[in-house]
2 protein chains.
Amino acid sequence: MVADMEQTPARLAGKPTWLVTQLAVHAHRLSSEGFAEVGARGYHYRILSTLDEFGGSSQADLGRRSNMDRSDVVAAVNQLADLGFVERTPDPADRRRNIVTLTEAGARQLDRLDEVLGRAQDELLAPLAEEERATLVRLLTRTLEHHRNA
Amino acid sequence: MVADMEQTPARLAGKPTWLVTQLAVHAHRLSSEGFAEVGARGYHYRILSTLDEFGGSSQADLGRRSNMDRSDVVAAVNQLADLGFVERTPDPADRRRNIVTLTEAGARQLDRLDEVLGRAQDELLAPLAEEERATLVRLLTRTLEHHRNA
DNA sequence: AGCCAATGTTGGCTCAACCAACGAAAAGGA
DNA sequence: TCCTTTTCGTTGGTTGAGCCAACATTGGCT
């Protein structure tokens with residue numbers, strides 16, 4: 001039996017793009033599994049948390065703030081509305097727009113999502129100490145910010 | 001005009017899973033664009049770099065080392081073989097296996113891929129100083145390592 | 001009035017990741 | 001030696017995130 005058949009080539013393992021995309025696979029799996037426990041998905045959390053923080057918004061604004069395509073917002077809001085977590089009402093001041101608002105049930109669902117998502121964070125960063133986690137978050141935030149405005 | 005319609009909710013922006021997956025979108029876009037310049041894709045680089053570092057391998061080993069599903073290795077090796085970058089020969093010692101080897105042309109293609117991929121790294125980490133990049137790579141490596149062995 | 005921009009919606013597309021099943025072949029245990 | 005289990009390559013899927021184009025409706029601007 002040859003030593004370690006699972007070791008990744010150095011050219012790959014050292015590249016930031018590799019590290020980020022591979023870790024994203026785990027991050028996505030962890031958060032998706034958490035969301036699935038309460039019958040939700042990633043796009044739902046984006047919508048609900050945006051509504052909670054900024055209040056009722058048009059779908060276009062929801063998309064801009066949660067980094068979603070307009071068409072994906074439509075589908076997510078449809079599902080959330082079917083579940084009674086959001087309400088869609090026409091904007092009287094602009095008849096192109098819908099105003100999407102968070103319901104009571106939606107706020108409770110958001111609490112549940114926050115809890116399972118919090119556990120996912122812990123699992124993702126399990127090997128890091130508290131200070132290292134803060135450093136990582138700081139560096140990732142700076143980097144992401146740069147690409148958001150570019 | 002309301003202030004900043006593009007700001008992301010804090011609950012989202014602060015979560016490591018969010019930061020990692022969102023940054024992965026940029027990482028993936030940057031490396032994909034680079035690969036496309038030389039007519040390649042991510043899976044090709046994984047295969048070629050693994051072959052370069054570990055020498056001829058079975059497809060199963062390639063998959064394990066480059067973190068790919070067996071079925072995806074088949075497709076990638078097919079394409080690389082069509083392009084003349086790898087060769088597939090049956091293993092005389094184990095007739096289930098194919099031994100995949102890197103050709104001269106494949107080695108040259110790998111050099112081209114390394115160059116464009118290097119530029120992608122610089123773009124991805126543009127806002128970070130050299131020391132910060134090293135710190136980020138270190139933290140990501142530790143975290144990824146943890147999930148690889150779990 | 002006329003033109004351009006924004007909105008919601010439909011219907012598509014790509015790609016990475018992954019899974020199930022299969023026959024062939026090897027490995028290992030009784 | 002049989003028999004079971006495992007591995008390998010391969011085929012043929014599925015899912016989900018991120019997109020893009022087009023369209024009709026409506027607003028804003030000049």
Side-chain angles (χ1 to χ4, degrees), chain A residues 1-2 5-6 12 17-18 20-33 35-36 40-47 57-64 66-79 81 86 88-100 147-148, chain B residues 1-2 5-6 12 17-18 20-33 35-36 40-47 57-79 81 86 88-100 147:
Chain A
M1 180 68 75
V2 177
M5 198 56 75
E6 313 229 351
L12 216 51
T17 49
W18 168 264
V20 167
T21 53
Q22 290 305 295
L23 191 56
V25 173
H26 295 282
H28 181 264
R29 184 178 41 79
L30 289 170
S31 53
S32 287
E33 285 171 0
F35 288 146
R41 45 185 52 190
Y43 278 169
H44 295 179
Y45 184 77
R46 299 199 201 181
I47 300 289
S57 323
S58 74
Q59 299 182 185
D61 286 348
L62 282 176
R64 279 185 285 266
S66 62
N67 212 43
M68 291 173 61
D69 190 271
R70 294 200 296 281
S71 57
D72 298 321
V73 174
V74 173
V77 169
N78 281 343
Q79 295 166 1
V86 302
R88 219 191 313 230
T89 55
D91 185 343
D94 185 343
R95 289 187 309 179
R96 292 171 304 177
R97 289 188 164 120
N98 296 327
I99 298 183
V100 182
H147 290 283
R148 236 179 51 94
Chain B
M1 178 67 75
V2 178
M5 198 56 75
E6 311 228 351
L12 215 51
T17 49
W18 168 264
V20 167
T21 52
Q22 290 304 293
L23 191 57
V25 173
H26 295 281
H28 181 265
R29 184 178 41 79
L30 290 170
S31 54
S32 286
E33 285 171 0
F35 288 146
R41 45 183 51 190
Y43 278 170
H44 296 177
Y45 185 76
R46 298 200 203 181
I47 300 288
S57 322
S58 72
Q59 299 182 187
D61 286 347
L62 283 176
R64 279 185 286 265
R65 296 203 258 230
S66 61
N67 213 40
M68 292 173 60
D69 189 89
R70 295 199 295 284
S71 57
D72 298 320
V73 174
V74 172
V77 169
N78 281 343
Q79 295 165 1
V86 303
R88 219 193 311 231
T89 55
D91 184 344
D94 185 341
R95 291 186 306 180
R96 292 170 305 179
R97 288 188 164 121
N98 295 328
I99 298 182
V100 182
H147 290 283

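A, B, ... follow the sequence lines: proteins, then strands. Residue 1 opens every chain. All values derive from a computational prediction rather than experimental measurement.
For the helix from C:dA1-D:dT30 to C:dG29-D:dC2, the end axes, each set by the C1' atoms of five terminal pairs, are bent relative to each other by 30° (nearest 10°).
Remark: A:T17 engages B:Q121 in a side-chain hydrogen bond (donor to acceptor under 3.5 Å, both in side chains) (not counting sequence neighbours). Take A:S31 and apply the side-chain hydrogen bond (donor to acceptor under 3.5 Å, both in side chains) test, not counting sequence neighbours, and it matches no residue. With sequence neighbours excluded, the residues that form a side chain to side chain contact (heavy atoms under 4.5 Å, CB included) with B:D94 are B:D91, B:R96, B:R97. Applying the ring pair (Phe, Tyr, Trp, His ring centres under 6.0 Å) criterion to A:F35, with sequence neighbours excluded, gives A:Y45. Evaluation of the side-chain hydrogen bond (donor to acceptor under 3.5 Å, both in side chains) rule for A:E33 yields no partner, not counting sequence neighbours. A search for side chain to side chain contact (heavy atoms under 4.5 Å, CB included) contacts involving B:V74 returns B:Q59, B:N78, not counting sequence neighbours. In this structure, B:T21 has no side-chain hydrogen bond (donor to acceptor under 3.5 Å, both in side chains) partners at least two apart in sequence or on a different chain. Not counting sequence neighbours, the partners of A:H147 by the ring pair (Phe, Tyr, Trp, His ring centres under 6.0 Å) test are B:H26. With sequence neighbours left out, B:S71 forms a side chain to side chain contact (heavy atoms under 4.5 Å, CB included) with B:D69.
The two residues A:R64 and A:D61 come nearest to each other via the heavy atoms NH2-OD1, 2.6 Å.
First and last contacting nucleotides of DNA chain D toward chain A (any atom under 4.0 angstrom from a heavy atom, 5' to 3' order): D:dG16 to D:dG27.
A straight line from CG of A:L23 to C1' of C:dA16 spans 16 Å, rounded to a whole angstrom. In this structure, B:R95 places its CZ atom 15 Å from C1' of C:dA27, rounding to the nearest Å.
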Margin query: Protein within reach of the bases, or only the backbone? For nucleotides 6-15 of chain C, mark each nucleotide 5' to 3' as B, S or -, using heavy atoms under 4.0 Å.
Written below: BBBBBB---S
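Contacts of A:V25 with the nucleic acid, taken as non-hydrogen atoms under 4.0 Å apart, involve only primed sugar atoms and P, OP1 or OP2.
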